[in-house]
Amino acid sequence: MRKVAVIGYGAMATYVVRHLQGSPWTPSHCVVRKGREEVAITALGADIPLIYGADDLTKLPDLVVDCAGHPCLLGHGAAFLRRGVPVLSASLGALADQDTYNGLQSAAQDGQTQLHLASGAIGALDALSAAKIGGLDEVRYTGVKPPQSWRGTKAEAVVDLDALNGPATLFEGSARGAALNYPKNANVAAAVALAGLGFDQTQACLIADPKAAGNTHTISAKGSFGTFEFSICGASLPDTPRTSALAAMSMVDRIFRQTAPIVI
Ligand SMILES: NC(=O)C1=CN([C@@H]2O[C@H](COP(=O)(O)OP(=O)(O)OC[C@H]3O[C@@H](n4cnc5c(N)ncnc54)[C@H](OP(=O)(O)O)[C@@H]3O)[C@@H](O)[C@H]2O)C=CC1
Ligand SMILES: O=C([O-])CC(=O)C(=O)O
């Protein structure tokens, strides 16, 4: 069995751990915050040993899966990378901060390993990344979520989420601005930027819409390859309206791809 350590014990981590059953991967440890041990045990069960960071381990896992917020990727993620353990993360927006980007890049180089970034709640990143080779002229990302997905974010200072009766633009600008201002809601903007034209050249628009049935993500791209538009309306994880189920599924898929004999 391959061992995978999980950082975090929220909606995505719970989904990932549940879906490892019957696979070649077994959860070896969960990285928790001090004082949150009971919460982690309630979420993931008592069988997964809890640790507070990479330094607690002498025998390292084969992979670390980061299902926590942005600060954890630079903190815990970089520590595992430096020790030579590959890390898979959904917190792509963390890389919008140039110091974080540089820190993770040098940690992976020091450990001679890789930081893998999950596609998360969006698709078509393969097409975008391939199109970059021939030259991209324009990439635009639009994210639409219902008002409850924007609670507890800067959106509350932009609009009255309870009073919306139509779509409201919360942010319009670069993907870097979107990812830095909305760390829990614009990882997809960061994914589009990283696959395509980069954080500063990728345009992003974030919208709250009371009529939105799920989380809709759209990419429009133009380049020497031609043009494409990709749009997905993702259902949320149960009890976590801001997180699309596909984001958690993409983490599990990426874990399984590490050991698959034929990989797409
Ligand atoms: N790429 C994509 O499409 C998407 C990416 N994401 C990313 O995935 C992350 C996880 O999403 P989700 O599961 O829905 O979020 P949750 O808020 O449900 O879970 C986050 C978890 O991380 C834990 N955590 C926070 N700080 C630490 C720490 N220092 N050490 C260990 N654990 C910590 C939290 O614990 P505690 O309760 O103690 O705070 C919580 O268990 C998001 O933060 C986001 O960055 C999410 C959705 C889509
Ligand atoms: O889950 C989603 O729909 C996307 C999301 O939160 C993000 O981009 O951070």
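First listed ligand is number 1; within each ligand, the first listed atom is number 1.
The closest side-chain heavy-atom distance from Gln258 to His116 is below 4.5 Å. Side-chain contact between Ser174 and Thr202 is absent, with no heavy atoms from C-beta onward closer than 4.5 Å.
At least one N or O atom of Ala11 sits closer than 3.5 Å to an N or O atom of ligand 1. Close N/O approach between Thr243 and ligand 1 is found [any backbone or side-chain N/O within under 3.5 Å]. Residue Gly120 has no N or O atom closer than 3.5 Å to an N or O atom of ligand 1. Where the criterion is an N or O separation shorter than 3.5 Å, residue side chain and backbone included, Val39 fails it with respect to ligand 1. Residue contacts with ligand 1: Cys72 is placed with no nitrogen or oxygen under 3.5 Å of a nitrogen or oxygen of the ligand (distance criterion only). Between Ala247 and ligand 2, no pair of N/O atoms sits closer than 3.5 Å. Considering both main-chain and side-chain atoms, Ala121 comes within under 3.5 Å of ligand 1 through a nitrogen or oxygen pair.
Ranking protein heavy atoms by distance to atom 42 (C) of ligand 1, first place goes to Ala68 O, 3.9 Å. Closest to atom 17 (O) of ligand 1 among all protein heavy atoms lies Arg242 NH2, 3.1 Å. Closest to atom 5 (C) of ligand 2 among all protein heavy atoms lies Lys145 NZ, 3.2 Å. The protein atom (non-hydrogen) at minimum distance from atom 2 (C) of ligand 2 is Ser244 OG, 3.2 Å. Scanning the protein for heavy atoms near atom 48 (C) of ligand 1, the closest one is Ala247 CB, 3.5 Å. Summary of contacts: the protein heavy atom closest to atom 1 (N) of ligand 1 is Ala90 O, 3.0 Å.
Checking each of Thr100, Asp66, Ile7 against Leu73 for a side chain to side chain contact (heavy atoms under 4.5 Å, CB included) leaves exactly one that passes, namely Asp66. For the side chain to side chain contact (heavy atoms under 4.5 Å, CB included) with Val144, the qualifying choice from Leu206, Thr218, Asp209, Asn215 is Asp209, the only one to do so.
Of all the heavy atoms of Asn215, the ones lying under 4.0 Å from any atom of ligand 2 belong exclusively to the side chain. Contact annotation: for Cys67 versus ligand 1, heavy atoms closer than 4.0 Å belong to the backbone alone. Within the 4.0 Å heavy-atom criterion, the part of Arg242 lying near ligand 2 is the backbone and not the side chain. The backbone of Lys184, and not its side chain, has at least one atom closer than 4.0 Å to an atom of ligand 2 (non-hydrogen atoms only; backbone = N, CA, C, O). In Ala186, the part holding a heavy atom less than 4.0 Å from any atom of ligand 2 is the backbone.
Close approach of ligand 1 to Val188 (heavy-atom distance below 4.0 Å) involves ligand atoms 3 (O). Heavy-atom contacts of Ser91 reach the following atoms of ligand 1: 7 (C), 44 (C), 45 (O) (cutoff under 4.0 Å). When each atom of ligand 1 is checked for a heavy atom of Gly10 under 4.0 Å away, the hits are 13 (O), 18 (O), 19 (O), 21 (C), 40 (C), 41 (O). Remark: ligand 1 atoms within the under-4.0 Å shell around heavy atoms of His70 are 45 (O). Here is the list of ligand 1 atoms found below 4.0 Å of a heavy atom in Gly69: 43 (O). Contact atoms of ligand 1 toward Arg36: 36 (P), 37 (O), 38 (O) (distance under 4.0 Å to a heavy atom of the residue). With ligand atoms numbered from 1 in the order given, ligand 1 contributes 22 (O), 23 (C), 32 (N) to contacts under 4.0 Å with heavy atoms of Gly8. Each of the atoms 29 (N), 30 (N) of ligand 1 lies under 4.0 Å from some heavy atom of His76.
For the ligand labelled ligand 1, residue Ser244 lies outside the 4.0 Å heavy-atom shell. Not a single heavy atom of Ala191 sits under 4.0 Å from any atom of ligand 1.
Taking a cutoff of 4.0 Å between a charged side-chain nitrogen and a carboxylate oxygen, Asp200 and Arg176 qualify as a salt bridge.
For the residue pair Glu37/Tyr9, the side-chain donor-acceptor check at 3.5 Å is not satisfied. Counted by atom type alone, His29 and Asp56 present zero donor-acceptor pairs between their side chains at under 3.5 Å.
The heavy-atom pair separating Tyr52 from Val32 by the smallest distance is CD2-O, 3.5 Å. The heavy-atom pair separating Ala121 from Ile232 by the smallest distance is O-CG2, 3.7 Å.
Under the 30°/60° scheme for interplanar angles, the aromatic rings of Tyr141 and His217 are found to lie parallel.
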